[in-house]
Every structure is written in structure tokens, then in C-alpha cells.
Number of protein chains: 2
Amino acid sequence: MAENSIPESAFPRVVIVGGGFGGIELAKRLKKQDVQVLMLDRHNYHTFQPLLYQVATGGLEADSIAFPLRKIFKGYPNFTFRITEVLRVDPQLKTLETTIGDIKYDYLVIATGSDTNFFGQKKMEHFTMSMKTIPEALNLRSMILQNLEEALISSDPDAKDSLMNFVVVGGGPTGVELSGALAELKKHVLPKDYPELNIDNMDIYLIEGSAAILGGMSPQASKKAKDFLEEMGVIVLTDLLVESYDGAVIKLSNGRSILTKNVLWSAGVKGCVLEGIPKESITKGNRILVDPYNKVKDLENIFAIGDVAAMITEKYPNGHPGVAPAAIQQGEVLAQNFLRMIKNQQPKPFIYNDKGSMATVGRNKAVVDIGKIRFQGVFAWFVWMFVHLMSLVGFRNKVVTFVNWVWSYFSYDRGIRLIIRPFSRESMTEDITVK
Amino acid sequence: MAENSIPESAFPRVVIVGGGFGGIELAKRLKKQDVQVLMLDRHNYHTFQPLLYQVATGGLEADSIAFPLRKIFKGYPNFTFRITEVLRVDPQLKTLETTIGDIKYDYLVIATGSDTNFFGQKKMEHFTMSMKTIPEALNLRSMILQNLEEALISSDPDAKDSLMNFVVVGGGPTGVELSGALAELKKHVLPKDYPELNIDNMDIYLIEGSAAILGGMSPQASKKAKDFLEEMGVIVLTDLLVESYDGAVIKLSNGRSILTKNVLWSAGVKGCVLEGIPKESITKGNRILVDPYNKVKDLENIFAIGDVAAMITEKYPNGHPGVAPAAIQQGEVLAQNFLRMIKNQQPKPFIYNDKGSMATVGRNKAVVDIGKIRFQGVFAWFVWMFVHLMSLVGFRNKVVTFVNWVWSYFSYDRGIRLIIRPFSRESMTEDITVK
């Protein structure tokens, strides 16, 4: 294939679409095995999504939570990488249509993860900010700072308020971590940066549709997270839905409306399904139905792992949670199963080992559930930091992130408040995909 | 003024245009003095330009060499900052036209620095890359990596070569440091990242119009820098001019032409003069003529410092060199003179204290001139690193940069090889200015 000059190989070709947690684990486990591994991604780097909110709020450099994919697989003889957008899969021809031409596969693994779910509300999609990629996080950082600069020069009090108010929609881990980080910016950073602004006028709302935030965690965790946020001055509203947002006023289901230019949407995700996957194989949340071996329903030689895959089990009737450990474990088991299949051995079914879940609210404030063990506060916060630091890819990233965290801890500062690329709605879409 | 709501003050207002080395030093020296200081800049951060080439070549995060201006002046009671583009100065009305409305001044200080000089060659400006701002450095980083990815999938050998060849035009410190960094990428990083490419086919040229590179330094320094570069595999061509470049082929004055998609232009700078400065006050290099007190020729209450200012003296018939120390020293003296003027005392003339100059070529390879003392090599390299580390604004930046340098030194790696914002010529201009 001239367009993409992918090396020929005597071994069966495993094409992995997506360099997230699942795709990376799978490719690592296939090192030096009798398969040709071809990874495709829109970006040339792996993104550590759990820390995107720190990039958006000036706590970390984008480069600290991303890692070049080529570097991860340096010295893998049977590994090839290409930057490309996959347009379509043709299960009959076992071919992918991509922006760099057609690519044949023997086994296809869809590890494309998930994207923000606006539930079809186009206006929300246009006017709110979401945060699933590094360019999106950088756009959010720029927008927050640009709106504060604009508030400074605006003489209309309403306009000032709407530029300074923040509404975070969705009380999952991302929403909790974002609103907590904004509260810390408000408390420790902005009054010094903007002495001319009356920062007390800044309101930070967290809006959750269900009865409690962090619904996926224990009642203790979700209760404590709410207390932490309220201590920090975040207005937490539950059992509320967003009715509409026009870029200036957000209307809630209880009739209340808030003036704000800053609406952060973290209310849901949907699987990034490839064109060509029959809709019979897709279930709610736009996830791909897979059997206990991560094979896609009704399709041969096509597998899905991680956020995009829904493996329905008794314990997980809606599939496994869309978290890194589930993706990593599925990548690991699928790699073993490929090697079994090649040797004509029986594959083994996937069983999820839930190591627990955690979320951080702010300085010395986090919540952790590990099985029946639940704890919150300072120790939970250190556990959260340790786990996330260790999960970062690359020693350099670990050290730089550690330095930044130690620095922030003692200085109460979030130093990376730079508008390096001004945000504009027009440039947004172009920003977030590699053409 | 409603548009920019700049606080009123009983003190005379000093408006500083530009948050570079000179502007920052001046504003710092006026802390708590009987003046109102208003700083204007297109960006909300200070850029440490001497290290831009490391951002462009994956050695440092952009955030490590930039620092938020508001943070520098935290706790300055008489300091105000605004992000804006200055459109015009009206010396009669003592007013600046800006994108956030008109701004009055009592004293105006033009500290706008310099920009890339293409000497009117529009094609050069369109097809080559320059590197005076952080967005430009990030664009350069993305372009280099994107072209390598493209070389990978291209089947035409000529196209492959042109995507892998680099031509750096201009043998000043920037050109020397850039071509040196590219040579290290070629040697230590790219063969591992792109095993499919024949990296030996990559040619790196440094083209200088005069007889020697680093013309501003001692003959020893310029000779040694050339030796270093050639050791590292850079093809150094002197006494050569660029005749033309059409985005594919660069033609040199000796008739030679090189196939390349990567032309880096560092062949000259010009002062960023504000509209409204009479052309009688402007001299060659588009610099503003100033007297020994940095007052602009023929104008009252308007001053210029740093790269944009040309103070003609016997020792410096073309004005002082466009380097940070000159800008800093002028900012310092001008601050003292403002305080004198306010007290109706005589200002004192500026005398430049040349602390010497240095340039780095690569690992263990730098050249240093301090007065009559000249040395090159490992020690010079450590001196270069120490001086630059100490000059970085902010403790966090110093530490993070130090970590990155130590890491690179032992790993021979430049880890920050991320295409975070794909480069496209169309999006370029929008990228590099705050609207």
C-alpha cells in the first residue's frame, strides 16, 4: 500500500485503533510475539485523561500528562504506528478505510475510548466546553483566563458576573475534580492575579441530575465529597437538569437560571464507535457489545476493549465502568487470548478485578473506596496522588508532575496560567483533530 | 474609559508597551514609587526567548520558559496590566489607540522588542518558519514531527528527502542553537522513533550570508562553533545568500538548490515600532532612535528600550546588541531617571555594561566570550546552562527546566515530541496574536 507503506509481515496483523490505556497494554503484551502489531491513532501521543482537569486549571503542563506513542514502543520489532483517522471498517473485506488509505487487518481491536456525550443537544455542544482531549483542556484553560481578562475591562456588572461565574454540569469524578480545582483557583490564585476584580462575586456551581454526586462510589464517598465542595464554596445542586443554554444564560429544571459564559460539560460520555459496525452490535451509551472474550457481537476477528466496549455480565449489567483499570485488564487478557488463538488454544474469558475507585476534591481532600474499605480526607488525598503519579507514563512525566504538585502544595499556587493559544469557538474543532 | 476601566491615579501614568526583559525590569524598579504603572502586552505571559529553540525541538515544555505577567507583579499596589494590541500612538494627544479603547499616558515606554525580519521577501515569510514567540516555536515543533510522519508514508524518494531535510537560514545564536538541536534529534532520537526511515538521508544545513557564523562573537568562538556543528553533522555554508524558496526547493546564491520542506528563518530581526512614530525617529533595522536617556528622537515623554531602541554611541554605532542584558540595564536606568524627573532632578545617561555573550551548540558544546576571556566546550556549556537557568523567571520554571536538562543529559532524549496542535500554514497567523 503506497499511501501508508506499512511493512509486510509473515505474521497475522493485529490492528489496534487507539493509543489509550487498553490499546497500549495490549500492544505491550504482544511484544516480540508471532503477530504484527499496527497501532493507529489521531494523535502521536497517549493522553493521561484523569489529570486533564489539572491542565485546564493551570496545575500541570499538557506535556506532563501526555507521552509520545513511538517512545513507548521504542525497540518493539513487530510494532508499527501511524497517525491517521479511521473513517470506516469493512468487516467483509477485513479492511479499514483511513485518511492514509486502506489498511488490511487479520484481527481488529477497537480501543477508541469514549467522547463527551451531549445527548444530541446541539446548542450544548456548541456553547459549553468539554474536556476529553489535551487541546480541549488547553482551550478550557485559555477560555477561563480570557473571560477573566474580559471581566476586568467590562463596565457592565451583569456582563462581569457572567464572565466570572462557572457552571459545571455533571457530578461524576471529572465534574467534582473540575469544580474543586476552580474553587481553589478562586481562593488562592485569582484574588492576587486580579486585585481589581471582586472575586467574591464569582460563583461556582456543580449541577448533578441524579440524587447524589459521585454516583458510582459509596454513599459515604459521595456525601463527603459534597461536604468538601461546599466547604470550599462550591454550590452543589443535585436532582437538577439543564434545560437550555444559549451562551449567556443557563436554565435549570427547577426554573432557576444563572448568568454565565463558562459552562463546563461533564455530564456523560459515549463510545467512539467506528463507522461500519452494525447497529445490532451497539448498545446504550453507544458502546459496542462484546462477549466474555471481548469479541464484538455478530462479527468475526473484530474485538473491542475499554470505554467503547460493553461486556454485559450479571455483576455489570451495563458493562464495566469506563475507567483505566478495566481497559488495561481487558488489553492484558485479550493479548493472552490472541496468543492462544494463534496456537489454536481456547481463549479464557475476561473477569474484571475492581481495585476500587477514588476522586479528589482539592488540597488534602479526596475520597477513596477500596472494596468495603472507605476513607476520605488527607490520607485519601495522598493515596490519590500516589496512584496517579505512578500511573503516569514515563519517568520524566512523573518527576515533573511531582515537582509541580510539591510546588503547588507549599505555594498554594497553580503557576501555569498562560493563554498560549487564545481560544475561539471557530478554531475549536480544527484544534481537536489531526487532519 | 469604560472599555478598559483602568484605575484613576493621582500619580503620573507610565505606560509600558511590552512585557519582555526591559519592560519587566522597568516596572519592577517602579514598585511603590509615586507613579502609576500600566503594562500592555498581546500575551498574558513573559517569554524567555533564548530557550525557544528548545521548545521547538522537544527539549522543554512551553510553560517552562513562559511566566504569567500578573504573577510577576503580584502585590504591586501601583501596577496594572491589560492584554491588548496597541494600534497607534498619538504623541500630540499623549494617547494610545488599542483594541480595548484609547489609553492616556503621561510617559510612554516602547518595549515592544523585535520580530523576524524577512527583508520584504513575502514568499520567504509565507513558506519558512520563524521562532520569536511560543506559538511559533510550538508550530515549528509540530511541523517537524508532522513532516517526519509524512515522510514515513510517502513512497516517492524525492518527497521523502524534502520532508527530512532541514535548512536553517542565518548563523546567529538562534540559527546555531537550532541546527545543533536538530543534529542531536537526528543522532539520538529519530532513529529510535522512526526505525522505518533512513535517518542518514536527513541533511541539516546552516546557511550564513557573511563570512562566519556567530559574527557578533570572537573569531575563536565562531570558528569553534563551526567545528562543533560540523562534528555533529551539520553542513555549514557561509558567504551564501538564499535566492528563493517556493515551499519545495530552496535556491542559493552559488546556484546550488536543496529539496526541503523545512526552512527555518533566523536571518534577521526588526524592531516592532508602533504606528504613529514619525519615520524621522526610525533608523535601520526598524529601530527607534533614542538619546542617552532612552528618550525617542523628536518626541516628548516617549521612551524606547531594548531591541526596539537604537542608541547610537561611538562604541555602538548601530545601537546596542539586541540582547536581554541591554534591555534589562536600560529598563533599570530609565526607572531611576523617571524618579529623578518626577523630583525635577537631572536624569543620568545610559552606559551599557557588556557582560559578554555565549551560544550553545549541543551537549557539552558551547562557546563563551567574557571580555578578553574566551572559552569553549564542556565548561562553557555548563556556564551557559547555569546562566540561562538562573535567568528564567520563577522558581518552578527553574526546577522543571533543570529536571528536564538532567533527564536529557543522562537519557540522550528529548521527550516532548508531541503534536498537540497540528500545524497548518492557514491557522498560523491566527495562532500568534491575541485578538
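All values reported here derive from a predicted model rather than from experimental measurement. So that the names make sense, note that chain A is the first sequence line, chain B the second, and so on, each numbered from 1.
- Few gaps surround NZ on B:Lys31; more than 12 heavy atoms of other groups in view lie less than 6.0 Å from it.
- Residue contact with chain B, scored on non-hydrogen atoms closer than 4.5 Å, involves the side chain of A:Ile134 exclusively.
- Looking at A:Glu196, only its side chain comes within 4.5 Å of chain B, counting heavy atoms on both sides.
- At a threshold of 4.0 Å, the pair A:Asp413-B:Lys74 does not count as salt-bridged, since none of the basic side-chain nitrogens sits closer than that to a carboxylate oxygen.
- Atom-to-atom distance recorded for B:Ile153:CD1 and A:Thr99:OG1 is 8.0 Å, nearest 0.5 angstrom.
- Here B:Arg70 contributes atom CZ and A:Lys192 contributes atom NZ; the two are 14.5 Å apart, rounded to the nearest 0.5 Å.
- The contact between A:Leu145 and chain B is made entirely by side chain atoms (from C-beta outward), counting heavy-atom distances below 4.5 Å.
- The minimum heavy-atom distance between B:Leu152 and A:Ser5, with the atom names listed, is O-OG, 2.8 Å.
- Side chains of A:Ile83 and B:Gln146 form no contact here, defined as non-hydrogen atoms less than 4.5 Å apart.
- A:Glu61 touches chain B through backbone and side chain together, each having a heavy atom under 4.5 Å away.
- The line from CD1 of B:Ile416 to CZ of A:Arg396 is 4.0 Å long, rounded to the nearest 0.5 Å.
- A:Lys28 NZ: 12 or fewer foreign heavy atoms inside a 6.0 Å radius.
- Contact annotation for A:Phe73: neither backbone nor side-chain heavy atoms come within less than 4.5 Å of a heavy atom of chain B.
- Your options are B:Asp193, B:Asp156, B:Val403, and the one with the most heavy-atom pairs under 4.5 Å with chain A is B:Asp193.
- Proximity of A:Asp63 to B:Ile420: side-chain heavy atoms (C-beta onward) are separated by under 4.5 Å at one or more points.
- Across B:Arg417 and A:Asn44, no two heavy atoms sit closer than the pair O-ND2, 2.9 Å.
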